[in-house]
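This report refers to the structure that appears directly beneath it.
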Amino acid sequence: HLFNTSHSNIVQGDFTVRFRVLDASLVTIAFDSRKVAKNLENISFSYHLPPDALVPAGRLTFIFEVLNSTTRVKHTVSTLWYQLPLRMAAHSIEQDKVDASLGDI
């Protein structure tokens, strides 16, 4: 939840909250943005990685940004990540030593 020194739970104001999910190559795979000027509930986002998603092994990064709705200036940025326990398609490949030259098939 959002808070400051005088308010423990801010749910509305002249700001926009953005949520981004990036894969291990830092490509955005999900995005959500909400203007919360008239919001009455706690601000929350969720993301579900589909089982057949083609993402590289490594971290999923979650970025939460609060910005002024008028000027678009960022006020707060918070980042957290989750380590994906995936194996890549070309995992544990072994090849015998072969004499080869550039251009060989």
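- With sequence neighbours excluded, the residues that form a side-chain contact (heavy atoms from CB on, under 4.5 Å) with L80 are F62, F64.
- Under the rule for a side chain to side chain donor-acceptor pair (under 3.5 Å), T61 has no partner lying at least two apart in sequence or in another chain.
- Atom CZ of R59 is separated from atom CG of L26 by 10.0 Å, given to the nearest 0.5 angstrom.
- Cluster membership check: Y47 shares its hydrophobic cluster with Y82, using side-chain heavy-atom separations under 4.5 Å among Ile, Leu, Val, Met, Phe, Trp and Tyr.
- Hydrophobic clustering (ILVMFWY, side-chain heavy atoms < 4.5 Å, transitive): L84 and L22 are in distinct clusters.
- The two atoms that bring A24 and A57 nearest to each other are CB-O, 3.3 Å, heavy atoms only.
- Residue pairs that meet the side-chain hydrogen bond (donor to acceptor under 3.5 Å, both in side chains) test with at least one member in residues 21-37, sequence neighbours left out, are D23-S25, D32-R34.
- Put simply, V27 and F31 are part of two different groups of oily side chains (I, L, V, M, F, W, Y) that touch within less than 4.5 Å, one to the next.
- R18 is linked by a salt bridge (Lys or Arg N to Asp or Glu O under 4.0 Å) to E65, counting only residues two or more places apart in sequence or in another chain.
- Scanning for side-chain contact (heavy atoms from CB on, under 4.5 Å) contacts around T76 gives V66, with sequence neighbours left out.
- Applying the ring-ring contact (aromatic ring centres under 6.0 Å, His included) test to F45 and every residue at least two apart in sequence or in another chain returns F19.
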